[in-house]
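The first residue of the sequence shown is numbered 1, and numbering continues consecutively from there.
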Amino acid sequence: MSENVVHLHKPTDSPADDTAPTVLTVVPDTPPAPPVPLWVRSGRAVKTAATHETTQATVRTVARHASYTFNGGRIVARRTWDGRTGSRYERMIRAAEAAGNLEAAEEWEERLQRFRAARHHRRMDLLHSPVEAAKGVAIGAGMSVGVLIALGVVMALNTGHVADVVTPLTATIDFIALLIRIVQVVWGPALTIGPFLALLALWSVGRKQQAAPNWALPANVRNGEGEPITPSIVVKALRDLGVPALARAIKEMGDAGASMLGPITIAGCGVEVDVTLPSGVSTNEVQNKRRKLAENLTRHEHEVFITIPQAARTVRLWIADSGALDEPIGPSPLVTDDTMTADYAKGKAPWGQDLRGDAASLSLYQRHLLITGLSNQGKTVALRSLALWLSLDKSVQFLMGDLKGVGDWAMFDGLATTLIQGPTDEHVIQVTEMVEGAVDEMNRRIQAPPGTVFPPLIVLVDEAQVAFMCPAKDADKRPYGGSKANSRYFMAVRKIHNQGRAVNVLMWQGTQDPTNENLPKLVREGAHTRASLALGTESQARMALGDKAVDGGAAPNLLRPGLDRGTLVVASDGITIPAGQSSITVRTHYIDDDAAKAITDRAKALRDGVTTLHAIDRGEHHDPLIDIFDVVGTASRVRTKDVLARLATLNADAYGGWSFIDLKRVLDDAGAEPYKSDGVMVVSRDRVARALANRDGDGSASVNG
């Protein structure tokens, strides 16, 4: 920054003595800046005016309406040319040939020949039309004059005045003269206004077609949010996709590129259309450009789904209404209908809605289940809603392990035979032994007489990746986790996958962020129903759903984490999937903890009472009579085969090999013999309690019951 210089001096007109006053002058150290030239100020003003929002809006408006008029003229000229020539038919022929549809090409060629023959006939008629027209005018005029004179003769006879003979003819001539005068008056203004009316008509055509550069269109049209899907929009989106062979083929077709499209049908909260690709364009070239296709359709990526139907060289596009997928779906029927029950064998669980808005229901009959996805995407809620529905079938038994342990499954206490909750290695050990107990039960069922019907046993493990990653080992140095042949949890799951379905022992697992380490290949491929919420990569999607589903268009890796919570891609024969597709996208109903507790309360009311075990007893000393009393629970009587199953779950080592004879021996010795009720053998709680009470009076072990 420059500083001022201070000068002290005497005035020049004062006497040269010391008494003269001293004058202080402040002189700038740097000279003042020169004034800005006029041309610079003018340039700045022009730049400001040119970049002003009002100026830009005015330029866009002028360009838009000028383009409407000019391009409207082009559209009208093109339509007129199409109507007068066979160019439309020629484009359709080229389109059919490009699509490889020779039958359609032959049909359009026949139509073209018929059009040319009709046009030739009309032109030949024009050669004779002047003569015929002249003859017609002469004959018509003569007849008209004759009629008018005849009418005049009638009037003259009626009035007695001879002059009335020509009155009708005179009146007609006067009327024609009046018309001529009207035309003379109107013709001048019409010639002046006519061009403006023509321009207005062209402008209207261009405006209706939005025939203007994109930058000149209004903001709401440029953004295209919510723009309806039309054939021309789909064709333009495919043309601009960046696939050279596709762009060339559409260019050769002209406007007839719409011949690639099937009917655009309403499908739920969007529309669906099949696109038959031209020769030389593969379906994966379109699949790999999903984001660009969505943007060309003025949609977000998650609002466009591309699947591969059965037809060759065809992709099926489902295009959502703008913003429709961000709207929540309605509540679950499990919540709204408190009379609903379940049927494991014949029913289907109400899981949510597909993208069409139709109800999506899943059959759980003899199907192992795997649900995976990133953390906090709704995996537990989706898995729990299936278990909630199935709990309304009183014949279904549950063994549950929640390796998160935050209470997501607490409402099944009193409903599940076993419920282990917690994330530690000790909880993994308990869950592993629970699954191994289910394997023993499966083996017992397999060895039963042919034709024996067994109740469904659902072995459910949530956060199963914790079990696969557990480093703990047992006394024999066998790991609980891992995916080797000596891994206890892995081998128990594999055994159930291999043979459990035949005897209604089913494995359900929920896991996070699948990898080969926390979800081994043999385990994930053993599930009949595989579902995935949002994932990070395509390789994870292949792990979750399999190569066939992903190659067919399944893309859970394209779901938006957080925003698409509860939306999953399902590959299963237990759910209705559109023909030709290998998967379906389902938006699941959300059932909160309070609603889930209300549903389990209804399920508990259907049962006689279930004593839930929260740990697997691995002690060496057991009292069979006390254990029998514990597994009978609060029910007045329980079938003997259910008692055997619960004992095996309680302690597989002690009771896994028990038969009815072993159970009967213990009860007979205690004086609590089983008996028949409604044709089946049952164990009476009161009898077991009396036996324990009598034994306690003799100084034996007691039970708290």
Side-chain angles (χ1 to χ4, degrees), residues 395-399 416-420 430-459 488 492 495-496 499-500 502-506 608-677 679-692 695 700-701 703 705:
S395 67
V396 178
Q397 302 171 2
F398 292 97
L399 302 178
T417 306
T418 301
L419 176 60
I420 298 170
Q430 293 279 331
V431 168
T432 301
E433 293 177 348
M434 177 190 76
V435 179
E436 289 174 337
V439 173
D440 294 336
E441 168 63 14
M442 176 188 72
N443 292 332
R444 185 188 70 80
R445 294 183 177 190
I446 292 173
Q447 296 170 9
T452 305
V453 179
F454 301 102
L457 176 61
I458 307 299
V459 185
R488 292 182 59 176
K495 289 175 181 178
I496 294 178
Q499 295 179 295
V503 290
N504 281 335
V505 178
L506 303 176
D608 292 332
V610 176
T611 301
T612 299
L613 304 178
H614 296 282
I616 304 299
D617 186 2
R618 300 192 300 274
E620 296 181 358
H621 302 288
H622 302 278
D623 187 326
L625 193 60
I626 293 178
D627 290 343
I628 292 171
F629 183 82
D630 288 340
V631 299
V632 168
T634 59
S636 60
R637 58 184 180 274
V638 179
R639 292 182 297 182
T640 54
K641 64 177 183 178
D642 292 340
V643 173
L644 287 171
R646 296 175 186 181
L647 287 172
T649 303
L650 177 66
N651 192 325
D653 294 335
Y655 304 115
W658 268 34
S659 65
F660 172 72
I661 296 175
D662 298 315
L663 176 63
K664 187 174 185 301
R665 174 179 50 79
V666 172
L667 293 174
D668 288 347
D669 291 345
E673 300 86 352
Y675 63 96
K676 274 194 175 182
S677 175
V680 296
M681 296 298 294
V682 298
V683 177
S684 170
R685 184 181 187 278
D686 292 341
R687 290 188 181 186
V688 177
R690 282 197 301 269
L692 285 171
R695 192 180 67 176
S700 302
V703 61

Quiz prompt | Stepwise side chain to side chain contact (heavy atoms under 4.5 Å, CB included) check, Arg445 with Leu457 | solution = CA-CA 11 Å; Arg445 294 183 177 190; Leu457 176 61; 4.0 Å; yes
Got [X] and [Y] here, is their nearest side-chain heavy-atom distance under 4.5 Å?
X      : Y      : result
Ile628 : Ile626 : no
Ser684 : Val638 : no
Asp627 : Arg646 : no
Leu667 : Val683 : yes
Thr452 : Phe454 : yes
Leu663 : Trp658 : yes
Thr611 : Val631 : no
Arg444 : Val503 : no

Exercise. Decide side chain to side chain contact (heavy atoms under 4.5 Å, CB included) for Thr640 and Val682; before the verdict, give the C-alpha distance in whole Å, the side-chain angles of both, and the deciding distance to 0.1 Å.
Key: CA-CA 5 Å; Thr640 54; Val682 298; 5.6 Å; no
Quiz item: Please walk me through it: do Thr418 and Thr612 pass side chain to side chain contact (heavy atoms under 4.5 Å, CB included)?
Solution: CA-CA 5 Å; Thr418 301; Thr612 299; 5.9 Å; no
Donor-acceptor under 3.5 Å ([X] side chain, [Y] main chain):
X      : Y      : answer
His614 : Leu419 : yes
Thr417 : Leu399 : no
Arg687 : Glu673 : yes
Asp662 : Ser659 : yes
Arg685 : Gly633 : yes

Self-check item: Arg637 and Ser677: side chain donor to acceptor below 3.5 Å
Solution: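 Distance-only check passes for Arg637 and Ser677.
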Quiz item: In terms of side-chain geometry, is the basic nitrogen of Arg665 or Asp668 positioned less than 4.0 Å from the acidic oxygen of its partner?
Solution: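 Salt bridge absent between Arg665 and Asp668.
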Practice problem: Report the C-alpha separation of Thr649 and Glu441 in whole Å, then their side-chain angles, then the decisive distance to 0.1 Å, and conclude whether the side chain to side chain contact (heavy atoms under 4.5 Å, CB included) test is met. | Solution: CA-CA 8 Å; Thr649 303; Glu441 168 63 14; 5.8 Å; no
